[in-house]
Amino acid sequence: MKVLAIESSCDETAAAVIEDGRVPRSSVVASQVDLHAKYGGVVPEVASRQHLRNLVPVITEALAAAALTLDGIDAVAGTKGPGLAGSLLVGYNAAKAIAFGRDLPFIGINHLEGHIYANWLVEGPEPQFPALCLVVSGGHTDLVFMRSHGQYERLGGTRDDAAGEAFDKVGRLLGLPFPGGPHVARAALEGGPTKLHLPRAWMHGTFDFSFSGLKTAALHAVREEQHRVEDLAWEFQEAVVDVLAGKTSRLARELGARNVLVAGGVAANLRLREELQRRCPVPVRIPPPKFCTDNAAMIGAVAGHRLALGERSPLEEDIFTTNNWARV
Ligand code: KG4
Ligand code: ZN
């Protein structure tokens with residue numbers, strides 16, 4: 001079954017054709033990064049207007065790259081939430097309109113579930129259940145236990161900033177371009193340990209995270225002007241990676257998980273990938289970077305699984321904007 005999937009929850013306009021929930025026949029992403037860089041963050045109104053411009057060309061390109069027309073598509077999927085309302089509406093309504101116009105099955109997909117299912121786009125054996133999922137993106141930092149397809153139990157998450165948000169804010173403090181994550185990671189390659197020890201919020205007794213104290217400590221360190229940007233980037237990245245890898249590996253051990261599945265934009269971070277692989281007691285699966293950051297292939301992967309189970313979404317259903325695992 002070939003699914004045309006559309007994703008527009010934040011600032012990437014994306015479309016993909018996915019076969020049987022596992023094989024990406026095409027995946028096209030139009031990034032708006034340059035457009036938002038001058039504001040130092042995503043401007044929702046600018047993002048939704050840009051989705052309107054990008055969407056049709058991106059869908060056309062995704063079909064062409066898969067050597068298909070709409071005649072060869074069996075179902076349509078769209079990201080339903082969470083995300084920016086104005087952004088979601090563009091992609092979700094386009095997906096519904098295509099399904100309606102072509103009389104095709106339609107399904108709305110949770111963006112966070114999409115990030116997790118990026119792990120099904122990787123060649124080779126499927127992930128094994130039960131799995132512990134670490135979802136780390138610009139808007140989310142969640143530890144979620146997955147007993148089988150579609151069954152999620154959120155066991156911990158951030159109480160303040162998401163990991164990617166912390167990377168982006170610290171990147172800005174360090175004078176690096178937006179989005180901070182990849183730039184902090186790149187600067188850290190040239191950095192190393194200092195006498196400064198940035199704090200780790202272990203939140204003992206819980207599997208929650210907190211990055212706001214670390215961000216404040218980074219702010220003070222920047223103001224002191226005692227350290228090179230590269231070294232501060234290194235120290236910051238180590239502090240985030242230490243807590244994420246430390247808590248994930250401990251929870252995986254406690255739960256007897258068979259796999260750790262990493263998902264979301266921050267999963268593109270090489271230090272995080274390395275440290276999770278080193279510390280976790282079971283195989284760690286991390287999608288290639290192009291499927292870690294926002295894309296539509298991951299939405300098509302979930303859609304393939306859900307459609308095969310007979311699930312459909314009514315065209316009357318609308319988007320949702322808040323982070324809510326109960327809606328997965
Ligand atoms: O999943 P994503 O593309 O969008 C959301 O759903 O939020 O994640 C974007 C986030 C941004 O905060 C970005 O800075 C971060 O992922 N990111 C990284 C890296 N690449 C992207 N953070 C750290 N290291 C990276 N290499
Ligand atoms: Zn995302």
Side-chain angles (χ1 to χ4, degrees), residues 5-14 16 27 29-33 36-37 40-42 44 47 51 79-84 87-88 91 109-119 133-142 144 157-158 161-174 176-189 191 211 214-215 218 233-234 236-245 261-276 286-299 301-302 321-323 325 328:
I6 297 173
E7 149 70 41
S8 70
S9 64
C10 189
D11 61 336
E12 323 280 6
T13 321
S27 176
V29 180
S31 169
Q32 301 182 11
V33 155
H36 299 282
V42 176
H51 283 309
T79 302
K80 196 173 169 194
L84 301 170
S87 289
L88 286 164
I109 300 296
N110 182 303
H111 180 82
L112 302 176
E113 188 178 27
H115 274 304
I116 290 174
Y117 270 75
N119 285 288
C133 310
L134 171 67
V135 183
V136 270
S137 71
H140 319 279
T141 304
D142 289 329
V144 179
T158 185
D161 289 349
E165 190 180 357
F167 264 98
D168 295 343
K169 287 178 177 168
V170 167
R172 197 197 299 200
L173 291 175
L174 293 173
L176 299 172
F178 168 83
H183 293 281
V184 171
R186 208 164 302 136
L189 288 175
F211 296 107
L214 171 62
K215 193 181 61 190
W234 188 92
F236 170 78
Q237 179 173 261
E238 288 304 303
V240 175
V241 167
D242 192 14
V243 177
L244 289 175
L261 308 182
V262 195
V266 184
N269 186 280
L270 295 179
R271 260 307 276 153
L272 178 63
R273 297 164 85 94
E274 190 177 84
E275 211 51 22
L276 282 166
I286 313 176
K290 68 175 176 183
F291 292 144
C292 286
T293 47
D294 289 349
N295 65 87
M298 66 187 197
I299 302 302
V302 185
T321 53
T322 50
N323 180 11
W325 282 96
V328 173

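Every number for a ligand or one of its atoms is a count from 1 in the order of the listing. Numbers here simply count residues along the sequence, with the first being 1.
In this structure, a donor-acceptor pair under 3.5 Å is present between the side chains of Asn323 and His140. Between the side chains of Ser9 and His111, at least one donor N or O lies within less than 3.5 Å of an accepting N or O.
Cys10 lies apart from the Zn ion (ligand 2) in this respect, since none of its N, O or S atoms is found at a distance under 2.8 Å. The nearest N, O or S atom of His115 is closer to the Zn ion (ligand 2) than 2.8 Å.
Nearest protein heavy-atom contact of atom 2 (P) of ligand 1 is Asp294 OD1, 3.3 Å. In terms of protein heavy-atom proximity, atom 24 (N) of ligand 1 is closest to Asn269 ND2, 3.0 Å.
For the pair Pro179 and ligand 1, the shortest N or O to N or O distance does not fall below 3.5 Å. For a threshold of 3.5 Å applied to N or O pairs, the pair formed by Phe167 and ligand 1 contains no separation below that value. An N or O contact shorter than 3.5 Å is missing between His140 and ligand 1 by distance. Distances between N or O atoms of Gly264 and those of ligand 1 include no value under 3.5 Å. Any N or O atom pair closer than 3.5 Å counts here, and Gly180 shares no such pair with ligand 1. Between Thr293 and ligand 1, no N or O atom pair is found at a separation short of 3.5 Å.
With respect to the Zn ion (ligand 2), Asp294 has OD1 as its nearest N, O or S atom.
A 4.5 Å side-chain heavy-atom check between Ile116 and Val135 finds at least one atom pair inside the cut-off.
Listed by atom number, the atoms of ligand 1 under 4.0 Å from Gly139 heavy atoms are 7 (O). Listed by number with element, the atoms of ligand 1 under 4.0 Å from a non-hydrogen atom of Gly164 are 12 (O). Under a 4.0 Å criterion applied to the non-hydrogen atoms of Asp168, ligand 1 contributes the atoms 11 (C), 12 (O), 13 (C), 14 (O). Less than 4.0 angstrom separates some heavy atom of His115 from each of these atoms of ligand 1: 1 (O), 6 (O).
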- Item | Test side chain to side chain contact (heavy atoms under 4.5 Å, CB included) applied to Lys215 and Val170, step by step | CA-CA 6 Å; Lys215 193 181 61 190; Val170 167; 4.2 Å; yes
- Message: Checking Asn295 against Glu7 for the side chain to side chain contact (heavy atoms under 4.5 Å, CB included) test, could you report, in this order, the C-alpha distance in whole Å, the side-chain angles of both residues, the deciding distance, and whether it holds?
- Response: CA-CA 7 Å; Asn295 65 87; Glu7 149 70 41; over 6 Å; no
- Message: Run the side chain to side chain contact (heavy atoms under 4.5 Å, CB included) test on Asn110 and Trp325 for me, step by step, so that the C-alpha distance in whole Å, both residues' side-chain angles and the decisive distance to 0.1 Å come before the verdict.
- Response: CA-CA 9 Å; Asn110 182 303; Trp325 282 96; 5.5 Å; no
- Run the numbers on Leu112 and Val144 for side chain to side chain contact (heavy atoms under 4.5 Å, CB included), then give the verdict. CA-CA 10 Å; Leu112 302 176; Val144 179; over 6 Å; no
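Annotation: the span from Asp168 atom CG to Leu176 atom CG amounts to 11.0 Å, rounded to 0.5 Å.
Classification of the Phe236-Phe167 ring pair by plane angle, with boundaries at 30° and 60°, yields perpendicular.
Remark: the backbone N or O of Thr141 is not paired with any side-chain donor or acceptor of Thr158 at under 3.5 angstrom. Remark: side-chain polar atoms of Asn119 are paired, donor with acceptor, to backbone N or O of Val262 under 3.5 angstrom.
Summarising the contacts of atom 21 (C) of ligand 1 with Gly181, Gly265, Ala267, the nearest heavy atom is found in Gly265. Remark: among candidates Gly138, Ala263, Ala162, Gly171, the nearest residue to atom 10 (C) of ligand 1 is Gly138, based on non-hydrogen atoms.
Proximity of Pro182 to ligand 1 is established by a heavy-atom distance of less than 4.0 Å. Proximity of His111 to ligand 1 is established by a heavy-atom distance of less than 4.0 Å.
Residue His115 comes nearest to Ala263 through the heavy atom pair O-CB, 3.2 Å, listed as atom of the first residue, atom of the second, then distance.
Under 4.0 Å from ligand 1, not a single heavy atom of Glu12 appears.
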